[in-house]
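Right, one structure below, let's go through it.
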Amino acid sequence: EGHQGDIWSFVFLHDNVHIVSSSWDGTMCKWDCVTGLLVGESWKGDGGRILALELSPDGRTMACGREDGSVQRWNADGKMSKRVWTGHSKAVRSLSWSPGGSHLASGCEDGTILIRKAKSGEVVVGPIETEQNWVCSLAYSPSEDRIASGGKNNICIWNSNTGKLLVGPIKGLGSVVTSIVWSSDGSKLYSASDDFARVAQLWDTETYEPLGHPFRQDGDTYFVSFSPDGRYLACGGNDNKVTLWVVHD
């Protein structure tokens, strides 16, 4: 109920009571986690399918990436900002807020990344030409000075202030890297792909070496997420399971 198309992403609001989901039908829905019921009506906007959804660190603003290459901002009550950000030539596939909330990065099907000031929408870095085909996942480092991007078969790490390539491309990660996440101390970067979830150690901006063996599970792996204390890693994919791993140094 609520959506007429595939649900592609969702975020938990900071009230711990509601979640907001986004769909290929171009709508967003707010849900009550206790009752499971839709709150009000679905939120509708122009631009086609919603392929990316990301909540700001302060919990006040949701950014959504559209099929037409635009980025919209919504508040928790379903009101959209009048100003829509443009600049991408194809669909926006990924979004990442800087940890302090001052910047928002967007990744596109045309292989580019744009980094904007969150208040004004001014592009301050980019377009970064990644040569990754689709930029399917983005993740700011906790220190905000780096941003990792996942594309077709590889990961790259960029200087988020200049757009300079620091590490990569790291190849051989399956056909599409669908999710990437940093550990809380910024020392490790985890990725999920259609092939496997791999854990790797970021040694410096020159060298990148994998840690141990890939975490494998049945089916394609689409998303990875850390627990707040960094002790557990959750992986999910098309096998209808969530797998929880204990992380050791």
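This is a predicted model, so every value here is computed, not measured.
With sequence neighbours excluded, the residues forming a side-chain contact (heavy atoms from CB on, under 4.5 Å) with Ser42 are Thr27, Cys29, Lys44, listed by chain and number. Applying the side-chain hydrogen bond (donor to acceptor under 3.5 Å, both in side chains) test to Gln72 and every residue at least two apart in sequence or in another chain returns Arg66, Trp74. Applying the side-chain hydrogen bond (donor to acceptor under 3.5 Å, both in side chains) test to Asp58 and every residue at least two apart in sequence or in another chain returns Ser56. Scanning for side-chain hydrogen bond (donor to acceptor under 3.5 Å, both in side chains) contacts around Ser21 gives His3, Trp31, with sequence neighbours left out. Lys117 pairs by the salt bridge (charged side-chain N to carboxylate O under 4.0 Å, His left out) definition with Glu122, not counting sequence neighbours.
Counting only distance, with no hydrogens or angles, the side chain of Ser149 and the backbone of Leu138 share no donor-acceptor pair below 3.5 Å. Side chain of Trp182 to main chain of Pro142: no donor-acceptor pair is present (N/O by atom type, distance under 3.5 Å, no hydrogens or angles). Checking side-chain atoms of Trp97 against main-chain N and O of Glu54 turns up a donor-acceptor pair under 3.5 Å.
Here the side chains of Leu51 and Arg93 are in contact, with some heavy-atom distance below 4.5 Å. The side-chain heavy atoms of Thr178 and Ser137, taken from C-beta on, include no pair separated by under 4.5 Å. Two residues are said to be in side-chain contact when any heavy atoms from C-beta on lie closer than 4.5 Å; Pro169 and Glu131 fail this criterion. For the pair Ser94 and Cys136, the minimum side-chain heavy-atom distance is 4.5 Å or more. Side-chain atoms of Trp43 and Val20, non-hydrogen and from C-beta on, do get closer than 4.5 Å to each other. Here the side chains of Leu13 and Lys30 are in contact, with some heavy-atom distance below 4.5 Å.
Interatomic distance, CD of Glu109 versus CD of Glu67, reported as 8.0 Å (0.5 Å rounding). From Ile157, atom CD1 reaches atom CD1 of Ile180 across 8.0 Å, with rounding to the nearest 0.5 Å. Separation of atoms CD1 (Ile128) and SG (Cys156) is listed at 10.0 Å; rounding is to 0.5 Å. Rounded to the nearest 0.5 angstrom, Phe12 CZ and Ile19 CD1 are separated by 5.5 Å. The structure places CG of Leu166 at 8.0 Å from CZ of Arg146, a figure rounded to the nearest 0.5 Å.
Contact between Ile113 and Ala105 at its shortest, heavy atoms only, is CG2-CB, 4.5 Å. For the residue pair Cys64 and Ile50, the shortest heavy atom distance occurs at CB-CG2, 3.8 Å. Counting all heavy atoms, side chain and backbone alike, Asp32 lies closest to His18 at CA-CD2, 3.9 Å. When every heavy atom of Pro57 is checked against every heavy atom of Gly100, the shortest pair comes out as CG-C, 4.5 Å. Minimum heavy-atom separation, Leu104 to Ala63: CD2-CB, 3.7 Å. Scanning both residues, Ala139 and Ser96, for their nearest heavy atoms gives CA-OG, 3.7 Å.
In the displayed structure, Asn161 atom CG is contacted under 6.0 Å by more than 12 heavy atoms of other residues, nucleotides or ligands.
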Chi angles and distances behind the side-chain contact (heavy atoms from CB on, under 4.5 Å) call for Glu144, Ser102: CA-CA 10 Å; Glu144 300 196 13; Ser102 61; 4.3 Å; yes

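Val167 and Trp158 fall into different hydrophobic clusters, where Ile, Leu, Val, Met, Phe, Trp and Tyr residues are linked whenever their side-chain heavy atoms come under 4.5 Å apart, directly or through other members. Cluster annotation: Leu165 and Tyr140 are assigned to the same hydrophobic cluster (Ile/Leu/Val/Met/Phe/Trp/Tyr, side-chain heavy-atom contacts under 4.5 Å, transitive). Val71 is not connected to Met80 by any chain of hydrophobic side-chain contacts under 4.5 Å among Ile, Leu, Val, Met, Phe, Trp and Tyr, and they are in different clusters. Under the 4.5 Å side-chain heavy-atom criterion for grouping Ile, Leu, Val, Met, Phe, Trp and Tyr, Val11 is not connected to Leu38 through any hydrophobic cluster. Neither Val84 nor Leu114 shares a network with the other; the hydrophobic side chains, linked directly or stepwise wherever heavy atoms of I, L, V, M, F, W or Y lie under 4.5 Å apart, form separate groups for each.
Contacts classified as side chain to side chain donor-acceptor pair (under 3.5 Å) and involving residues 82-92 (residues at least two apart or in different chains) are given here: His88-Ser106, His88-Thr112, Ser89-Asp110.
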